[in-house]
Number of protein chains: 2
Amino acid sequence: MSQDHYTLKDIAKILKLSPSTVSRALRDSHEISDETKRLVLDFATKVNYRANPLARGLKERKSYSIGIVVSEIANNFFSQVIDGIESVAYDKNYQVVISQTNESAERERFHVEHFYSRSMDGLLMAMSSESSDTAYLEGMIKKGMPIVFFDRVPATLQSHRVITDNKRAAYEGVQFLVKKGCKRIALLSSSKKLSNSKERLEGFKLGLISQHLEFDEKLVQYCEYGGLKQSEIDQAINHLAELDYDGIFLSGDKLTTGYLQALRRNVRLAKKPIEIVGFTNSNLVDIFSPGITAIRQSAFEMGKRAAELLIEQIEQRGKETNFKTVVLPVELIEREM
Amino acid sequence: MSQDHYTLKDIAKILKLSPSTVSRALRDSHEISDETKRLVLDFATKVNYRANPLARGLKERKSYSIGIVVSEIANNFFSQVIDGIESVAYDKNYQVVISQTNESAERERFHVEHFYSRSMDGLLMAMSSESSDTAYLEGMIKKGMPIVFFDRVPATLQSHRVITDNKRAAYEGVQFLVKKGCKRIALLSSSKKLSNSKERLEGFKLGLISQHLEFDEKLVQYCEYGGLKQSEIDQAINHLAELDYDGIFLSGDKLTTGYLQALRRNVRLAKKPIEIVGFTNSNLVDIFSPGITAIRQSAFEMGKRAAELLIEQIEQRGKETNFKTVVLPVELIEREM
DNA sequence: ATGAAAGCGCTAACAA
DNA sequence: TTGTTAGCGCTTTCAT
């Protein structure tokens, strides 16, 4: 009861042992007698001893912390991913430190470097839509910082990655639209820089081809910020309004919800109901109006897998790693009648 | 270019100074000549020197990290709060470490104690709905751990708190329903243990009284887990279905969305459209169907204010604090016609 | 204005 | 099996 925080030294003094013995006993070293171990462990439990993580980290060059870099925390998809990450980190005794870039490449770089200098054990990140220069990331990796990318991944880096089967998802989405009778399908897409946008575009095209439909570049609108700004969505929709289309594929979460919101505000568009398929991880699709068919990514699972891979890599301590790309399926949630 | 990480010692050696001089120069101490400062600073910038936070923390007994304890990360409200927290923490150079309790009192306690032993500089937390014993929190506070509570706050602790003006919000909600012609208003509420539930209940009653309507306990349903489980909502709604009511007040985010989802699945209830007012921080209310009037909390602002208060308290280093309760307004977003 | 030295709490090489 | 010692990178008295 005498004090708040016991240190190794304190315990050693009280038990008349040396700090190193206590340290070893606590870490269950084989070179400590069972008797001593018991003594130390019992006492440590009694006073609720906790090693000071700062001291330990300083010594071991390890902080038991992993950093997350995403564009936005308050986002269905990312918050579900973070949920998954947290769930495994918690089990494996790692802290999770978050940061957001708001899609700015500069902020992204700042955070990554900050994490590096904060001696994080590893990083989990989804690229910001603005990012193009990944050279500094390559540098980080060379310096030995384990990074696992998810969802939006850079093209060439030597690292684990966990992604969605975007091509297939888009392909299936188109199949669905065609089955519903659509002949001229529009596409609302994010920045072409993003890996996932590119893959979805590809799947979209393949889907059309497989149905003997022509890909019409005019029916495609790109939103540089992935719909972060409603204005870019409004603009895109206004462009599309000039044309004829009977179905639309929304290639991102914000694009999907932004499109629906635009519909609500724009009578001209609301008049001709069309078939809508869109990526979204909102838990509330079933109460959306108009009803849409949702493509839902395995967000929680993505966080889990990414965190597992990262921690595995961290604990290998720079041993040669066989980098994996985990591809996760989507779920197609059909619009209710 | 010669090495990755420069330490103070490295710099000292290269510049032929002592580590202490370098340290002082970097911290802009007055007892260092301008010339030396310039020399050190320039070199530090050149090699992109970053103090090792572990070492610094060990020495200063400060980790520049704050912990967040919430029930659920993937939740509109909480993720918006976290967004606010992150935004000020970033500015003030604090790391943000997250944890979630899934409404379990046990996990909550675990996380708080874990954070304590990890030498976090302070904590931001919203109580889990299951929590009743707050004695251990009092202990934490006595031990000198700064804790700022937000949204769901314990009754009596000596600490800053940032909350929503729940009483007023519920009061206004009832006013709105009555203005729309409702005479018998039902209430779907969370656990009575939660501070915010209690306040909302109170405001609800006051609202009725002010309109000379009677408070009918039968029209109130409590969901112990705040709607975390859809089953409890379904059950509550089934109870209400036996009764006659022409308006409903939904006293929590999950309750609101859960109610709408239940409506979708239950034809019996969907048949009689009633006026709905509910708390929710979803950004998508405008595309909900049926349309509802939303009470939106100042989530981002709440995170900001809580983080500011916490960091202020941390940097006062145990000086006598004048504990504040910040009360934030809600926004009533009227259902569109 | 600068340096030497101690120490934060821990681990680990080396000694005994 | 246990103890001694040095050192992780930093700050901070106390000297100079």
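Atoms considered below: every heavy atom in the structure, side chains included; atoms not considered: hydrogens, waters and symmetry mates. Below, read A as the first sequence line, B as the second, and so on, with proteins coming before strands; counting in each chain starts at 1.
- Checking the phosphate oxygens (OP1, OP2) of C:dT11, no side-chain nitrogen or oxygen of A:Arg61 falls inside 4.0 Å.
- C:dG7 atom P lies 18 Å from atom CG of A:Asn52, rounded to whole Å.
- At the heavy-atom level, B:Leu54 lies nowhere under 4.0 Å from the strands shown.
- Taking the six-membered ring where the residue is Trp, the centroids of B:His160 and B:Phe150 are separated by 6.0 Å or more.
- The CG-C1' distance, from A:Asp34 to D:dT2, rounds to 15 Å in whole Å.
- B:Arg118 CZ: more than 12 foreign heavy atoms inside a 6.0 Å radius.
- Of the candidates A:His114, A:Arg107, A:Gln100, A:Arg107 is the only one forming a side chain to side chain donor-acceptor pair (under 3.5 Å) with B:Tyr90.
- Two residues are said to be in side-chain contact when any heavy atoms from C-beta on lie closer than 4.5 Å; A:Ile314 and A:Lys62 meet this criterion.
- Atoms NZ (B:Lys13) and C1' (D:dC10) sit 16 Å apart, rounded to a whole Å.
- With contacts defined as side-chain heavy-atom distances shorter than 4.5 Å, the pair A:Leu58/B:Asn52 qualifies.
- One atom, OH of A:Tyr6, and another, P of C:dG9, lie 14 Å apart when rounded to the nearest Å.
- Under the 6.0 Å cut-off for aromatic ring centres, A:Tyr94 and A:Tyr64 qualify, their centroids lying closer than that.
- Rounded to whole Å, the distance from NZ on B:Lys9 to P on C:dA4 is 13 Å.
- Note: CG (A:Leu15) to C1' (D:dT2) measures 13 Å, nearest angstrom.
- Candidate nucleotides D:dT1, D:dC10, C:dC10 were compared by shortest atom distance to the side chain of A:Ser33, and D:dT1 ranks first.
- With rounding to whole Å, A:Leu26 atom CG is found 12 Å from C:dT11 atom C1'.
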Summary of protein contacts for nucleotides 11-16 of chain D, nucleotide by nucleotide, where a base hit scores B, a sugar-phosphate-only hit scores S (4.0 Å, heavy atoms): BBB---

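- Put simply, CZ on B:Arg118 is 15 Å from C1' on C:dG9, counting in whole angstrom units.
- The shortest distance between side-chain heavy atoms of A:Met302 and A:Phe77 falls below 4.5 Å.
- OP1 or OP2 of C:dG9 has not a single side-chain nitrogen or oxygen of A:Thr7 nearer than 4.0 Å.
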